[in-house]
Amino acid sequence: MKNINLEDLGFEEKLEKYKIANQLDSFLTGRVIQQHRQRYIVLTEQGEMESELLGNLRYTVQNSLDFPAVGDWVALMEYDNNKGLIRAVYPRASLLVRQAVGRKSEKQIIASNVNFGLIVQSLNRDFSINRLERYLTICNSSAIKPIIILSKVDLVDKEEKSRVISLVKKRIKNTPLLLVSNCTGEGLSDVKAILEKGKTYCLLGSSGVGKSTLINSITGQSLMKTDKISDGIDRGKHVTTHRELIVLKTGGVLIDNPGMREVGITDNGMGLENTFEKIMSLSKHCKFKDCNHINTKGCAVLKAIDSGELDEHVYENYMKLEREREHYTSTTFEKRRKDKAFGKMVKNVVNQKRKNMY
Ligand SMILES: Nc1nc2c(ncn2[C@@H]2O[C@H](COP(=O)(O)OP(=O)(O)OP(=O)(O)O)[C@@H](O)[C@H]2O)c(=O)[nH]1
Ligand SMILES: [Zn+2]
């Protein structure tokens with residue numbers, strides 16, 4: 001992978017200015033394409049470099065989120081053949097973060113400097129509209145534009161396909177929706193067509209939905225290990241063929257995330273606001289500013305459920321994600337007990353509404 005062009009990798013004007021302003025132009029510039037503990041594979045114009053943090057940087061880092069991550073731009077120097085020392089991390093244009101489920105306040109970086117989130121769900125067993133909204137929230141909380149890709153279309157019939165499409169379109173507005181099959185090749189050209197030069201796309205989705213296979217289909221190469229392909233050749237050798245960040249010949253960058261099981265919401269609030277626009281605009285008409293949309297008088301959200309203007313499932317999922325966000329952003333353990341009571345209340349509201357309907 002020699003002669004890589006930094007612009008194809010996504011290096012922008014803004015970063016160039018930062019480089020000059022911070023006297024980093026005597027260093028090499030590269031992008032982290034893989035991370036394992038405190039070792040990083042960095043792609044530079046001279047090729048890949050196995051890198052570590054420079055000592056003083058390691059000791060001045062305060063927060064785990066400050067360590068370099070896949071997608072980061074770094075300034076580094078070569079100290080040996082293809083071995084590098086990272087001197088600085090460039091400011092991030094965006095950061096995809098997830099909450100390590102079950103562990104309080106522990107955030108993990110999925111990737112940095114991502115322009116688009118490719119949210120992949122398979123049409124057969126994995127499809128869940130609530131989970132789609134969860135990923136949308138994660139993208140929206142970090143100014144990453146979401147694109148929905150429904151995979152394995154070859155496994156469902158026409159009726160199921162159109163059922164899911166109309167469900168997605170009803171619940172989720174203003175988000176591109178693509179359908180693909182890695183087996184028949186259907187829709188692959190649509191995916192290729194949206195990939196722009198110099199932009200970074202992060203694949204998001206549960207294990208097994210076909211993210212790695214999709215990358216292989218797009219690149220026409222077996223860059224990603226999928227569970228069908230045996231890696232017998234590499235066995236026993238310490239060779240890593242798997243890269244988390246891939247530069248396309250056409251100039252776009254893809255980032256894969258192996259083994260994403262659960263993603264928790266770690267949100268500043270904006271993610272939910274953008275994802276559930278309808279609820280946000282309704283809540284402006286609630287009588288009280290701090291309306292909890294559960295049992296407050298004059299709640300416009302509840303009124304909209306009654307009138308049929310708001311889908312109760314949307315309401316339920318919103319309340320669930322909002323509660324989760326509160327849970328992870330709060331510090332007291334007391335909150336956990338509160339959470340339970342809160343969940344019950346939401347269920348009651350919905351049950352009550354359902355009863356009233358019949
Ligand atoms: N029928 C069908 N199977 C597919 C399709 N795409 C992928 N698969 C199969 O689904 C399985 C999982 O695919 P992967 O690409 O490994 O899934 P992944 O999302 O990368 O999974 P992780 O790496 O665990 O996150 C493999 O057996 C693939 O062959 C598709 O479009 N249609
Ligand atoms: Zn309200």
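Closest approach of Arg131 to Ser206, counting heavy atoms only: NH1-OG, 3.5 Å. Shown here for Cys286 and Ala300, the closest heavy-atom pair between the two residues is SG-N, 3.4 Å. Counting all heavy atoms, side chain and backbone alike, Gly198 lies closest to Asn115 at O-OD1, 4.3 Å. Here the closest heavy-atom approach between residue Cys202 and residue Val114 is recorded as CB-CG1, 3.7 Å. Closest approach of Ala304 and Leu282 over heavy atoms only: CB-CD1, 3.6 Å. In this structure, Gly117 and Ile144 approach most closely via the heavy-atom pair N-CG2, 3.3 Å.
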(request) Could you walk me through whether Asn82 and Glu48 pass the side chain to side chain contact (heavy atoms under 4.5 Å, CB included) test, one step at a time? (result) CA-CA 7 Å; Asn82 294 326; Glu48 291 181 8; over 6 Å; no
(request) Step by step, work out the side chain to side chain contact (heavy atoms under 4.5 Å, CB included) result for Met49 and Lys83. (result) CA-CA 5 Å; Met49 263 176 212; Lys83 297 236 186 303; over 6 Å; no
(request) Any chance you could lay out the salt bridge (charged side-chain N to carboxylate O under 4.0 Å, His left out) test for Arg39 and Glu50, step after step, and finish with the verdict? (result) CA-CA 7 Å; Arg39 281 152 39 100; Glu50 211 182 295; 3.0 Å; yes
(request) Take Met319 and His293 through the side chain to side chain contact (heavy atoms under 4.5 Å, CB included) test and state the conclusion after the steps. (result) CA-CA 9 Å; Met319 292 306 256; His293 316 314; 4.1 Å; yes
(request) Under the side chain to side chain contact (heavy atoms under 4.5 Å, CB included) rule, what do Phe27 and Leu76 come out as? Steps first, then yes or no, please. (result) CA-CA 6 Å; Phe27 294 91; Leu76 72 170; over 6 Å; no
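The structure places CG of Asn216 at 12.5 Å from NZ of Lys211, a figure rounded to the nearest 0.5 Å. We find the CD1-CG distance between Ile147 and Leu177 to be 11.0 Å, quoted to the nearest 0.5 Å. Between Ile33 atom CD1 and Glu244 atom CD the span is 9.5 Å, to the nearest 0.5 Å. Summarising the geometry, atom CG belonging to Leu136 is positioned 14.5 Å from atom NZ belonging to Lys145; distances are rounded to the nearest 0.5 Å. In this structure, the separation between CG on Leu178 and CD1 on Ile119 is 11.5 Å, given to the nearest 0.5 Å. The line from NZ of Lys192 to OG1 of Thr219 is 8.5 Å long, rounded to the nearest 0.5 Å.
Using cut-offs of 30° and 60° on the angle between ring planes, the pair Tyr18 and Tyr90 is tilted. Using cut-offs of 30° and 60° for the angle between ring planes, the Trp73 and Phe11 rings count as perpendicular.
Between Glu133 and Lys278 there is no salt bridge, since no side-chain N of the basic residue sits under 4.0 Å from a carboxylate O of the acidic one. Using a 4.0 Å cut-off between a side-chain N of Lys or Arg and a carboxylate O of Asp or Glu, Asp72 and Arg92 qualify as a salt bridge.
Around CG of Asn174, the count of heavy atoms belonging to other residues, nucleotides or ligands within 6.0 Å does not exceed 12. Glu160 CD: more than 12 foreign heavy atoms inside a 6.0 Å radius. With a 6.0 Å radius and a threshold of 12 heavy atoms from other residues, nucleotides or ligands, Lys297 has its NZ atom at or below the threshold.
Taking the side chain as every heavy atom from C-beta outward, Cys183 and Lys152 never approach each other to under 4.5 Å. For the pair Leu96/Ile109, no side-chain contact is recorded, criterion being any heavy-atom separation below 4.5 Å from C-beta on. Inter-residue side-chain proximity for Ser51 and Ile41 is flagged as unmet; no heavy-atom pair is nearer than 4.5 Å. Residues Glu52 and Ile86 have side chains not in contact (no heavy-atom distance under 4.5 Å, counting atoms from C-beta outward). For the pair Val253/Leu9, a side-chain contact is recorded, criterion being any heavy-atom separation below 4.5 Å from C-beta on. Contact of the Leu204 side chain with the Leu118 side chain is not registered, since no non-hydrogen atoms from C-beta on lie closer than 4.5 Å. Counting heavy atoms from C-beta outward, Ile194 and Pro176 have side chains that stay 4.5 Å or more apart. Counting only heavy atoms from C-beta outward, the side chains of Ile20 and Gln23 never approach each other to under 4.5 Å.
When the side chains of ILVMFWY residues are joined at heavy-atom separations under 4.5 Å, either directly or via intervening members, Val209 and Leu155 end up in two distinct hydrophobic clusters.
Defined by atom type and a distance below 3.5 Å, a donor-acceptor pair is missing between the side-chain atoms of Asn113 and Thr200. Side-chain contact of Ser128 with Asn130: a donor-acceptor pair under 3.5 Å is absent, judged by distance alone. Side-chain atoms of Asp154 and Thr184 include no donor-acceptor pair closer than 3.5 Å. A side-chain donor from one of Asp256 and Ser212 sits under 3.5 Å from a side-chain acceptor of the other.
Partner of Asp8 under the salt bridge (charged side-chain N to carboxylate O under 4.0 Å, His left out) criterion, chosen from Lys249, Arg31, Lys197, Lys199: Lys197. When Ile255, Leu254, Ile218 are each tested for a side chain to side chain contact (heavy atoms under 4.5 Å, CB included) with Tyr201, only one passes: Leu254.
Of the possible polar contacts, none joining the Ser142 side chain to the Ile138 backbone as a donor-acceptor pair under 3.5 Å is found.
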